[in-house]
Amino acid sequence: MSALHHGLVGEGSSAPVEVCAPTGAVVDPSDGIGVRVEPARHEVFVPPARPERGDPVTLPAHDALASRLEVRGLRPRGPAREAYCPDWATAGPGEHVVDAARPFLPAG
């Protein structure tokens, strides 16, 4: 399961978010469900762990991604992404629960 953020989502701000589920099966579009095949892309990602308390998990990760791209002189391409691990609900503090990613345009 993953989410694509088409803008800043957080306390005091909102933007469209797509919830995505990869599948190897044939799926027909229907009301509220879209189907697309995404082309290959370059991504930078960080694997944040579940926090000790109820602190936000992905906001600091997305800040780190933005910094990595900026330092390397790379431009983001497409929405920020989060891919959730199947054990999100049962993971303990410090366990890997999500990959925060950002597609980018390669240099050159």
Side-chain angles (χ1 to χ4, degrees):
M1 184 73 62
S2 63
L4 281 61
H5 297 265
H6 296 275
L8 181 61
V9 177
E11 194 172 318
S13 64
S14 64
V17 175
E18 289 181 80
V19 177
C20 306
T23 180
V26 174
V27 178
D28 291 323
S30 63
D31 289 342
I33 296 176
V35 177
R36 73 169 171 249
V37 175
E38 291 196 331
R41 64 185 171 272
H42 296 274
E43 288 184 343
V44 60
F45 75 96
V46 294
R50 188 173 196 101
E52 299 276 336
R53 305 178 313 260
D55 297 334
V57 174
T58 56
L59 291 178
H62 286 290
D63 289 344
L65 292 172
S67 294
R68 284 186 185 180
L69 291 175
E70 185 176 342
V71 166
R72 294 185 173 124
L74 299 170
R75 292 184 323 171
R77 177 184 190 177
R81 298 163 180 263
E82 296 172 2
Y84 303 98
C85 297
D87 59 348
W88 172 275
T90 59
E95 289 188 59
H96 177 221
V97 292
V98 63
D99 286 325
R102 189 67 192 251
F104 65 90
L105 294 170

Gap between atom CD of E43 and atom CZ of F104 - 0.5 Å precision: 9.0 Å
R72 side chain to S67 backbone, donor-acceptor under 3.5 Å: no
Side chain proximity check, R77 to H42, heavy atoms < 4.5 angstrom: no
Closest approach of R68 to V44 (non-hydrogen atoms, all atoms of both residues): CD-CG2, 3.8 Å
Closest non-hydrogen atom pair between P103 and P79, with its separation: CD-O, 3.3 Å
Polar side-chain atom of H96 near backbone of V98 as donor-acceptor pair, under 3.5 Å: yes
Shortest non-hydrogen contact from P76 toward L69: CG-CD1, 4.1 Å
Side-chain (R81) to main-chain (D99) donor-acceptor, under 3.5 angstrom: no
Residue Y84 excluded, over 12 heavy atoms near OH under 6.0 Å: yes
Cluster link V97 to V46, ILVMFWY, side chain under 4.5 Å: no
For A100 against A61, the heavy-atom pair lying closest together: CB-CB, 3.7 Å
E18 atom CD, neighbour heavy-atom count above 12 within 6.0 Å: yes
